[in-house]
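In what follows, a structure is listed as structure tokens, so that the remarks can point back to it.
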Amino acid sequence: MRQELKRELLTERYEPARIEPVVQDHWRDQQTFKVVEDLSKEKFYCLCMFPYPSGRLHMGHVRNYTIGDVIARYQRMQGKNVMQPMGWDAFGMPAENAAIENNVPPAKWTRDNIAYMRGQLQRLGFAYDWDRELATCNPDYYRWEQWFFTQLYEKGMIYRATAVVNWDPVDQTVLANEQVIDGCGWRSGAPVERREIPQWFLRITAYADELLEELDRMDEWPEAVKTMQRNWIGRSQGLLIRFGLSDGSGNLEVFTTRPDTLMGATYMAVAPEHPLAVAAAGRDAQVAELLEACKRQSTSEAILETMEKRGLPLGITVDHPLTGAPLPVWVANFVLMGYGTGAVMSVPAHDDRDFEFAQRNGLPIRQVVKPLDGRAIDITHEAYTEHGLLVNSGEFDGLDFTQAFDAIATRLEGQGRAERRTQYRLRDWLVSRQRYWGCPIPVLYDAEGNVVPETPERLPVVLPEDVAWEGVNSPLRSMPAFTQATLPDGRPGRRETDTFDTFFESSWYFTRFACADSTTGMVDARADYWMPVDIYIGGIEHAVLHLLYARFFHKAMRDAGLVKSDEPFKRLLTQGMVCKETYFRDGDNGRKQYFNPAQVDVELDAKGRAVTARAKADGLPVTIGAVEKMSKSKNNGVDPQALIDKYGADTVRLYTMFAAPPDQSLEWSDSAVEGQFRFLKSLWRQVTEHAAMGVPAEAGSGSDELKTVRRHIHETIVKVSDDVSRRYKFNTAIAAVMELLNHLSRMSVDTAAAHAVRQEGLTTVVLLLAPIVPHITAVLWQALGHTDELSAAAWPTADSAALTRDEVEMVVQVNGRKRAVVRVPAQADKATCEAIALADDNVQRFVVGRETRKIIIVPGKLVNVVVAE
RNA sequence: GCCGGGAUGGCGGAACUGGUAGACGCGCCAGACUCAAAAUCUGGUAUCCGUAAGGAUGUGGGGGUUCGAUUCCCCCUCCCGGUACCA
């Protein structure tokens with residue numbers, strides 16, 4: 001039997017610490033949010049990006065999960081069968097860092113964090129079906145991605161190739177880009193080197209066209225995310241051209257998307273690892289020195305693209321395929337061997353980077369394109385990169401981009417010097433990581449080093465969890481019990497010690513939530529009921545990598561017959577960052593020592609701006625840095641736990657929803673939380689005082705004042721419903737409810753009818769706030785005399801009869817400047833509106849004595865009288 | 001560098017399709033209650049001129065389109081996210 005919430009919770013004072021645990025226990029005991037497949041109801045799968053168990057929840061989590069919970073609870077009130085699961089993205093580097101620093105095994109550190117953070121999520125009252133919880137570090141999860149890897153391997157979707165990594169020569173370990181600071185290892189401080197090692201790749205490029213074209217049909221995704229994914233995939237049509245080396249020793253291949261500018265090519269540039277550069281280094285000490293310097297270059301695109309562009313001539317030339325003129329070949333540090341052919345044709349007049357390089361090195365700049373509109377350009381000042389008409393190109397002069405592309409491509413193809421190509425910026429997915437705390441890649445090597453994939457029946461390859469850490473390297477390599485293995489055919493072999501990129505786990509967990517307990521397969525038929533995810537909510541920082549990998553993985557699973565949908569996420573809601581000022585001091589070896597906001601006192605000036613900050617520990621100043629995403633590395637996270645302890649979960653939820661719309665970045669300030677607590681206290685007081693007068697028997701109406709109150713109630717229902725369901729603007733929804741409650745608190749309740757209208761108003765307020773502040777509303781719902789559970793109540797609908805108005809306000813402008821506000825009958829025609837507007841005294845002041853040129857009327861809103869100045 | 005986003009009072013933000021700029025909240029000021037304080041309640045609060053009525057200015061900067069621009073177009077500045085091994 002259903003158990004009712006206890007009446008004694010209705011104390012005079014609002015005490016969240018008392019009521020919230022009772023309400024949460026009630027949900028748990030009643031299994032309120034447990035959900036099973038039910039074909040009689042419309043399903044709704046509401047998902048937030050699962051957290052990395054870093055230790056404690058941060059504000060970004062609270063914001064993300066509150067948005068999801070509001071949507072899930074709203075959809076539930078719409079009568080849908082709502083699934084909202086939660087799990088843990090449990091593999092990753094921080095667990096290894098904790099192991100190195102505190103000598104605690106990554107598995108224990110991770111599971112302790114999960115236990116603590118699960119408690120925090122429960123304390124926030126999120127409507128999760130905890131029976132579906134999963135952690136990616138558990139073998140019953142990762143065994144299935146190992147299985148899927150073996151399937152992809154058989155299909156030829158996986159291959160082994162070399163790739164460049166950051167190598168720390170002192171710690172003898174591979175570093176993540178984040179662990180390289182100013183070119184040096186973050187622990188050793190030693191200059192980092194580039195090193196090529198064999199690694200595993202997934203052929204995401206085989207899906208490039210589908211990933212790109214499907215975006216056009218994903219109309220419930222934000223345009224910004226789709227644009228970023230399109231640009232990331234970067235499909236371009238171009239020409240692969242072979243320039244003959246002048247000494248006849250072979251060809252230099254380049255890819256260009258601008259064959260129309262071929263006549264403007266004045267030199268060639270190759271990567272430092274290019275065979276031509278390496279050969280030249282043997283003859284030229286300066287080139288050798290440059291190549292040596294390039295070996296210490298970063299692997300990060302952001303750093304490579306902003307560093308100083310350097311290069312040297314290699315002393316060789318190629319022949320221009322149209323003119324036969326010799327073009328010098330240079331080596332340049334910004335040309336990447338892993339991109340295309342490792343060589344580019346340089347057209348300084350029409351490419352910014354080529355222009356900069358040519359200017360710096362005194363190379364010729366030759367204009368071959370002019371603007372379509374005939375406007376003059378100065379090619380000695382900056383490159384002209386737009387499409388235009390050809391000049392200085394002999395027989396091709398006067399052609400536009402498309403014509404020139406075609407003519408030059410056809411000519412070179414005829415000479416056997418070129419082929420048209422479609423190229424992608426997208427590269428195959430490098431999934432190998434030289435780390436311990438990850439899912440073992442299920443392959444072995446025989447005595448000759450040949451690859452032998454694991455067979456499904458031998459899975460999972462279990463990651464040993466009881467490990468001792470010495471130094472900073474993965475302990476797997478020095479564990480014979482792990483590395484020495486028998487191959488499926490019985491021969492002795494060696495096990496791969498690399499683990500998967502953690503994006504591998506996060507690329508399919510959402511499908512597993514549909515059938516998290518399945519022991520018979522990666523997913524089962526229940527996935528067909530729940531997938532795709534109806535709304536996926538998470539940080540905008542995942543716009544490309546995670547969301548592109550997940551889309552790809554889902555399509556690969558579809559092609560393996562595991563799921564039916566083409567796309568995993570029907571709608572995407574990208575949450576803005578939760579940001580906060582950073583505080584730091586410059587420490588030893590030039591690295592910044594960051595201070596948490598809780599460790600710092602900030603002094604404000606009269607305008608409320610931060611002027612100085614001091615560390616609480618020593619009272620000495622710290623530098624106030626930029627406002628950045630709350631992160632572990634910048635130590636600028638605000639701990640939500642203190643706020644939950646002080647104000648309760650409802651206030652924290654209310655504040656994070658009120659402070660900014662979900663897709664905007666939120667600059668954290670603790671000061672405004674108090675106001676949200678006040679609002680809940682006031683709500684509590686008004687409802688309990690009202691309830692003390694008894695529950696009215698029937699609906700009320702009558703006087704004009706009551707009609708106005710009822711209209712406000714029903715206008716608020718319309719407004720909040722739209723804000724919550726269509727606009728996802730919870731801040732304005734809350735503001736509208738605040739206005740309504742203010743109105744209700746000021747109405748005079750001297751009749752039974754007024755009492756009944758207030759009952760209607762307060763009931764509406766409680767229902768509209770239920771998804772946002774579920775604890776206080778659950779208790780107040782009963783106080784208002786309802787015997788059913790609020791968690792089973794339906795979302796309110798507006799009474800159209802209550803919405804009608806007799807009069808509307810119209811703004812009157814003269815020449816676009818507001819001069820008056822007048823009241824007109826709601827049904828007034830244009831002539832009436834015009835007459836009432838012109839009758840206004842202040843309007844007359846600006847109209848009289850001037851010629852009226854026209855009058856613009858926007859019905860129900862505005863009259864603009866245009867007069868001669 | 002490149003791709004994407006942003007900038008509105010002292011602060012967070014609102015203005016949804018080109019139509020009243022500043023809703024709602026914080027902070028601050030004044031008042032009520034109190035021996036006092038806290039809590040609570042009431043009123044005020046973009047800037048400048050004005051007792052007021054009202055007027056002028058004002059949405060990062062510069063230009064444009066329009067009867068009318070925070071909103072559309074062009075140029076610029078600064079900030080944030082991503083940039084393939086942080087997740």
Side-chain angles (χ1 to χ4, degrees), chain A residues 49 51-52 54 89 92-94 163 165-166 174-180 223-225 227-228 230-232 234 299-307 309 334 352-353 356 426-427 429-430 432-435 501-503 506 539-546 548-549 576-577 579 604-609 626-629 631-633 655 658-661 663-669 671-676 678-679 681-682 685 722-723 726-727 729 731-732 734-739 742 809-818 821 842 845 853-856 858 861-862 864-867:
Chain A
M49 292 180 186
Y52 177 78
S54 54
D89 187 15
M93 282 206 313
V165 295
N166 302 305
V174 175
L175 297 177
N177 285 335
E178 194 189 52
Q179 297 172 312
V180 180
E223 272 317 312
V225 174
T227 305
M228 281 189 267
R230 281 188 191 106
N231 292 336
W232 185 266
T299 59
S300 131
E301 188 195 334
I303 293 172
L304 288 171
E305 288 284 337
T306 49
M307 71 187 178
K309 312 276 184 293
F334 55 84
D352 289 326
R353 199 168 59 177
E356 186 194 333
L426 179 70
R427 309 200 295 260
W429 181 7
L430 197 173
S432 306
R433 295 293 181 270
Q434 294 70 48
R435 306 198 183 284
D501 175 4
T502 56
F503 279 128
S506 57
I540 183 70
E541 71 271 27
H542 296 292
V544 175
L545 289 179
H546 162 61
L548 196 61
Y549 290 140
M577 307 284 150
C579 297
L604 305 179
D605 66 11
K607 292 189 170 182
R609 291 211 172 87
V627 176
E628 292 182 69
K629 171 176 103 167
S631 73
K632 211 151 202 182
S633 58
Y655 174 70
F658 184 68
D663 55 349
Q664 239 174 68
S665 67
L666 186 161
E667 193 179 322
W668 186 262
S669 106
S671 60
V673 181
E674 188 75 38
Q676 307 310 303
R678 275 209 284 270
F679 172 72
K681 278 195 286 190
S682 158
R685 193 182 55 247
D722 188 48
D723 280 351
R726 180 181 65 88
R727 300 178 67 213
K729 294 265 189 191
N731 54 333
T732 51
I734 294 165
V737 177
M738 285 174 168
E739 283 183 84
N742 285 343
E809 282 189 347
M810 287 185 87
V811 169
V812 186
Q813 297 181 333
V814 179
N815 287 354
R817 287 163 182 266
K818 177 182 162 191
V821 178
N842 204 44
R845 282 177 56 205
R853 296 213 165 131
K854 61 175 163 177
I855 296 180
I856 292 150
V858 182
K861 279 192 172 167
L862 170 131
N864 188 15
V865 184
V866 183
V867 299

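We name chains A, B, ... by the order of the sequence lines, and we start the count at 1 in each one. In this text the structure is predicted, and so the values were computed from the model without any measurement.
The P atoms of B/U8 and B/U71 are separated by 14 Å, rounded to the nearest whole Å.
The phosphate of B/C86 (OP1 or OP2) has no side-chain N or O of A/Arg435 nearer than 4.0 angstrom. Taking only side-chain nitrogens and oxygens, A/Arg433 comes nearer than 4.0 Å to OP1 or OP2 of B/C85.
A/Asp89 and A/Ser506 share no donor-acceptor pair across their side chains, judged by distance under 3.5 Å alone.
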Worksheet item: What string of B, S and - do you get for nucleotides 66-73 of chain B 5' to 3' if you count protein non-hydrogen atoms under 4.0 Å?
Response: -B------

Taking only N/O atoms, report every protein-nucleotides 24-27 of chain B pair under 3.5 Å with atom names and distance.
unit_1: B/G25; atom_1: OP1; unit_2: A/Asn742; atom_2: ND2; d: 3.3
unit_1: B/G25; atom_1: O2'; unit_2: A/Gln676; atom_2: NE2; d: 3.1
unit_1: B/C26; atom_1: OP1; unit_2: A/Arg678; atom_2: NE; d: 3.2
unit_1: B/C26; atom_1: OP1; unit_2: A/Arg678; atom_2: NH2; d: 2.8
unit_1: B/G27; atom_1: OP2; unit_2: A/Arg678; atom_2: NH2; d: 2.9

Do any N or O atoms of the protein come closer than 3.5 Å to N or O atoms of nucleotides 76-83 of chain B, and which pairs are they?
unit_1: B/G81; atom_1: OP1; unit_2: A/Lys629; atom_2: N; d: 3.4
unit_1: B/G82; atom_1: OP1; unit_2: A/Lys629; atom_2: NZ; d: 3.4
unit_1: B/U83; atom_1: O2'; unit_2: A/Glu301; atom_2: OE1; d: 2.4

Which atom pairs link the protein and nucleotides 47-58 of chain B when you take only N or O atoms and keep those under 3.5 Å?
unit_1: B/G54; atom_1: O2'; unit_2: A/Arg845; atom_2: NH1; d: 3.4
unit_1: B/G55; atom_1: OP1; unit_2: A/Arg819; atom_2: NH1; d: 3.1
unit_1: B/G55; atom_1: OP1; unit_2: A/Asn842; atom_2: ND2; d: 3.1
unit_1: B/A56; atom_1: OP1; unit_2: A/Arg819; atom_2: NH2; d: 3.3
unit_1: B/A56; atom_1: OP2; unit_2: A/Arg819; atom_2: NH1; d: 3.2
unit_1: B/U57; atom_1: OP2; unit_2: A/Arg817; atom_2: NH1; d: 2.8
unit_1: B/U57; atom_1: OP2; unit_2: A/Arg817; atom_2: NH2; d: 3.3

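Within the nucleic acid shown, A/Thr227 comes within 4.0 Å of sugar-phosphate atoms alone, with no base atom in reach, counting heavy atoms only. At a threshold of 4.0 angstrom between heavy atoms, the contacts of A/Pro661 are confined to the sugar-phosphate backbone, with no base atom among them.
Here B/C11 presents its C1' atom at 9 Å from CD of A/Glu667, a figure rounded to the nearest Å.
Checked against ring-ring contact (aromatic ring centres under 6.0 Å, His included), A/Tyr52 has no partners two or more places apart in sequence or in another chain. In this view, A/Trp429 and A/Phe504, A/Tyr549 satisfy the ring-ring contact (aromatic ring centres under 6.0 Å, His included) rule, not counting sequence neighbours.
When atom types are taken as modelled, the side chain of A/Asn864 and the backbone of A/Ile856 share no donor-acceptor pair closer than 3.5 angstrom.
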